Amino acid sequence: MTAPLIDPFQRPVSYLRLSVTDRCDFRCTYCMSENMTFLPKRDLLTLEELDRISTAFIRLGVKKLRITGGEPLVRRGIMTFFNAMSRHLESGALKELTLTTNGSQLHRFADDLFAAGMRRVNISLDTLDAKKFSDITRWGKLDNVIRGIDAAQNAGLRVKINAVGLKGFNDDELLGLTEWVASRDMDLTWIEVMPMGDDIDGLTRLGQYWPLKELRAKLAEHYTLTDLSESTGGPARYVRIEETGQKVGFITPLTHNFCESCNRVRLTCTGELYMCLGQEDRADLRVPLRASEDDALLEEAIREAIRLKPKGHDFDYSRQDVAGKMSRHMSHTGG
Ligand code: SAM
Ligand code: SF4
C-alpha cells in the first residue's frame with residue numbers, strides 16, 4: 001500500500017486543483033489585465049503529462065480532482081484528458097472529477113463531460129446584467145454563459161454558481177442573483193475578492209472589497225439563514241435560506257481563517273505545485289516528471305513538497321492595507 005499524503009500539521013491532502021492552461025477567452029478585471037502575455041505553449045504540461053501527474057496524485061490518495069485555469073475549456077484537446085480521467089472514477093480511486101469554468105464554451109462540452117463521469121460543475125457568474133457582464137469580463141457575452149448553464153443542466157450536471165462580491169458592482173444584485181439561482185435549482189457561492197495580482201490596470205482589489213459579512217447581513221435582512229456545519233475542508237461556509245431551502249456558500253479567505261482544515265494543493269499548467277493559495281512556497285514537479293519515465297522521482301517530489309505545506313496564509317485587509325498580498329494572478333494558480 002502507498003502511504004497517503006499527510007502534511008506536517010497532520011492534514012491529509014486529498015484534493016488537487018489542477019490548472020490546465022493560463023489562457024482565457026475573458027479578461028475579468030479582478031483577475032487579468034487586458035493585455036496579458038501568456039506562457040509559450042512549450043512551457044505547458046502536455047495532456048499526457050497532466051494525466052501522469054494526476055494519476056500519481058490519485059495513487060497517493062487524492063480523491064477529488066478539480067480542473068481549472070485560466071479557462072480550462074479553451075485548452076485544445078482537453079476532452080482527451082477528461083476521458084482519460086474517467087478510468088480513475090470507474091476504478092473507484094477517484095471520487096470526484098469536476099471543473100471550474102466561466103461557462104463560455106460549456107454548451108460544446110456538457111454532454112461529453114457528463115459521459116466522462118463528471119456530475120458537478122462550478123460556473124463563475126457575477127452579474128445577470130448583459131452590459132455589466134461585458135464590462136467585468138471585458139470580452140465575455142452573458143448569452144453564451146446562460147447557454148452553457150442550460151446545456152450543463154440538460155446534460156444532468158449539478159451546477160454551482162460562483163459569484164465574486166464586488167462593492168459598487170453587484171451589491172445591488174444580491175437578492176436578484178440569489179433568487180435566480182434558486183429558481184433554476186442551482187447552488188450559489190459568494191467569493192470575497194482576493195488581493196491576487198493587485199493593481200491590475202490601476203484597479204485595486206481593496207477598492208472593490210465587499211466583506212462577505214456585510215453581504216451575509218444584507219441577506220439576513222430578507223431571509224432566515226441557518227448556519228450549516230458541513231465543511232469541505234476548504235474556505236467555504238454554508239447557510240440554508242429557509243424560505244427557499246437553498247444552500248448558499250461564502251468563501252471568505254480574508255475574514256475567516258479556514259487553514260486548519262485545508263486538504264488541498266494546486267498545480268499550475270507548468271507543473272508548479274503550490275501548497276497554499278496564499279503563500280509563494282512551491283515545488284517544481286515538471287523536472288522530476290520529465291527526468292524519467294518511471295514515476296518514482298515524481299512521487300518523491302510530491303511527498304517532499306507536502307512535507308513543506310505551510311500552516312496557512314497571511315492575507316489581511318484589516319489594517320486597510322493589503323498585507324500578505326500575492327503578486328501572482330488567480331489565473332496562474334487556478335483559484
Ligand atoms: N476561468 C474559470 C472561471 O472563471 O471560473 C476558472 C479559473 S478562475 C481563476 C477561478 C475563480 O477564481 C473564478 O470563480 C473567479 O471569479 C475567481 N477569481 C479570479 N480572480 C479573483 C480574485 N482576485 N479574487 C477572488 N476570486 C477571484
Ligand atoms: Fe478568465 Fe476565469 Fe480569470 Fe475571468 S476569472 S479572466 S474567466 S480565468
Side-chain angles (χ1 to χ4, degrees), residues 17-39 66-75 78 98-106 109 120-127 132-142 144-145 148-149 152 159-167 169-170 177 187-201 203-212 215 234-236 249-255 264 266-269 274 277-278 313 315 317 322 324-335:
R17 299 171 72 106
L18 174 62
S19 171
V20 295
T21 178
D22 63 329
R23 288 165 197 257
C24 188
D25 52 351
F26 290 3
R27 291 289 181 279
C28 302
T29 57
Y30 48 75
C31 179
M32 292 192 183
S33 68
E34 182 140 30
N35 302 305
M36 289 291 288
T37 310
F38 292 110
L39 294 162
R66 176 176 297 281
I67 307 308
T68 176
E71 173 47 39
L73 298 181
V74 304
R75 171 87 196 242
I78 194 62
T98 185
L99 170 73
T100 299
T101 174
N102 67 23
S104 67
Q105 311 289 320
L106 199 52
F109 289 94
R120 300 196 297 172
V121 287
N122 288 359
I123 302 176
S124 304
L125 178 62
D126 306 325
T127 173
K132 277 161 77 178
F133 185 84
S134 60
D135 286 346
I136 196 87
T137 61
R138 292 201 186 96
W139 296 3
K141 289 207 166 36
L142 180 63
N144 281 346
V145 177
I149 294 172
V159 175
K160 185 168 89 175
I161 299 295
N162 279 345
V164 175
L166 296 163
K167 204 168 223 161
F169 177 73
N170 58 7
L177 255 170
D187 298 311
L188 174 63
T189 292
W190 288 93
I191 308 177
E192 205 160 71
V193 74
M194 284 182 257
M196 313 290 292
D198 213 347
D199 301 326
I200 301 171
D201 298 340
L203 298 167
T204 69
R205 305 284 78 74
L206 191 55
Q208 296 172 303
Y209 180 49
W210 184 20
L212 294 193
L215 190 154
F250 301 98
I251 298 188
T252 56
L254 304 170
T255 53
R264 63 201 58 198
R266 297 172 161 80
L267 191 74
T268 70
C269 54
Y274 280 87
L277 180 62
H313 66 70
F315 290 141
Y317 277 136
V322 188
K325 79 174 186 186
M326 304 295 306
S327 56
R328 64 180 193 270
H329 293 178
M330 284 292 253
S331 57
H332 185 65
T333 36

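Whatever order the structure lists ligands and atoms in, that order sets their numbers, starting from 1. In this chain, numbering begins with 1 at the start of the sequence shown. Heavy atoms only: backbone and side chains are in, while hydrogens, waters and symmetry mates are out. Predicted model only: the values in this text are computed from it and were never measured.
Remark: Phe133 pairs with Phe26 by the ring-ring contact (aromatic ring centres under 6.0 Å, His included) rule, at least two apart or across chains. By the side chain to side chain contact (heavy atoms under 4.5 Å, CB included) test, Lys141 is found to be paired with Asn144, residues two or more places apart in sequence or in another chain being considered.
Contacts of Thr68 with ligand 1, taken as heavy-atom pairs under 4.0 Å, involve the side chain alone. For Thr100, heavy-atom contacts with ligand 1 shorter than 4.0 Å involve the backbone as well as the side chain. Here Asp126 has no heavy atoms under 4.0 Å from ligand 1, in either its backbone or its side chain.
By the 4.5 Å heavy-atom criterion applied to side chains, Ile123 and Ile149 are counted as neighbours. Using a 4.5 Å cut-off on side-chain heavy atoms (C-beta onward), Tyr30 and Asp126 make contact. Considering only heavy atoms from C-beta on, Pro211 comes within 4.5 Å of Glu192 through its side chain. A heavy-atom distance below 4.5 Å is found between the side chains of Leu73 and Ile78. For the pair Trp190 and Leu177, the minimum side-chain heavy-atom distance is below 4.5 Å. In this structure the side chain of Asp187 never reaches within 4.5 angstrom of the side chain of Arg120, judged on heavy atoms.
Residue Gly69 has at least one heavy-atom neighbour below 4.0 Å for each of these atoms of ligand 1: 7 (C), 9 (C). Each of the atoms 2 (C), 3 (C), 4 (O), 5 (O) of ligand 1 lies under 4.0 Å from some heavy atom of Asn102. Contact atoms of ligand 1 toward Glu192: 25 (C) (distance under 4.0 Å to a heavy atom of the residue). Of all atoms in ligand 1, listed by their number and element, those nearer than 4.0 Å to a heavy atom of Val164 are 16 (O), 26 (N). Which parts of ligand 1 touch Thr101 is read off a 4.0 Å heavy-atom cut-off, strictly below it: atoms 2 (C), 3 (C), 5 (O). In summary, the atoms of ligand 2 found under 4.0 Å from a heavy atom of Gly70, numbered by their order in the structure, are 8 (S).
Of the listed options Cys28, Ser124, Cys24, Ser124 places a heavy atom closest to atom 11 (C) of ligand 1.
Checked by distance only, ligand 1 and Gly70 come closer than 3.5 Å through their nitrogen or oxygen atoms.
For the residue pair Glu71 and Thr21, no side-chain donor N or O sits within less than 3.5 Å of a side-chain acceptor on the partner.
Residue Gly103 places no heavy atom under 4.0 Å from ligand 1.
Metal site remark for atom 1 (Fe) of ligand 2: Cys28 contributes no N, O or S atom at a distance under 2.8 Å.
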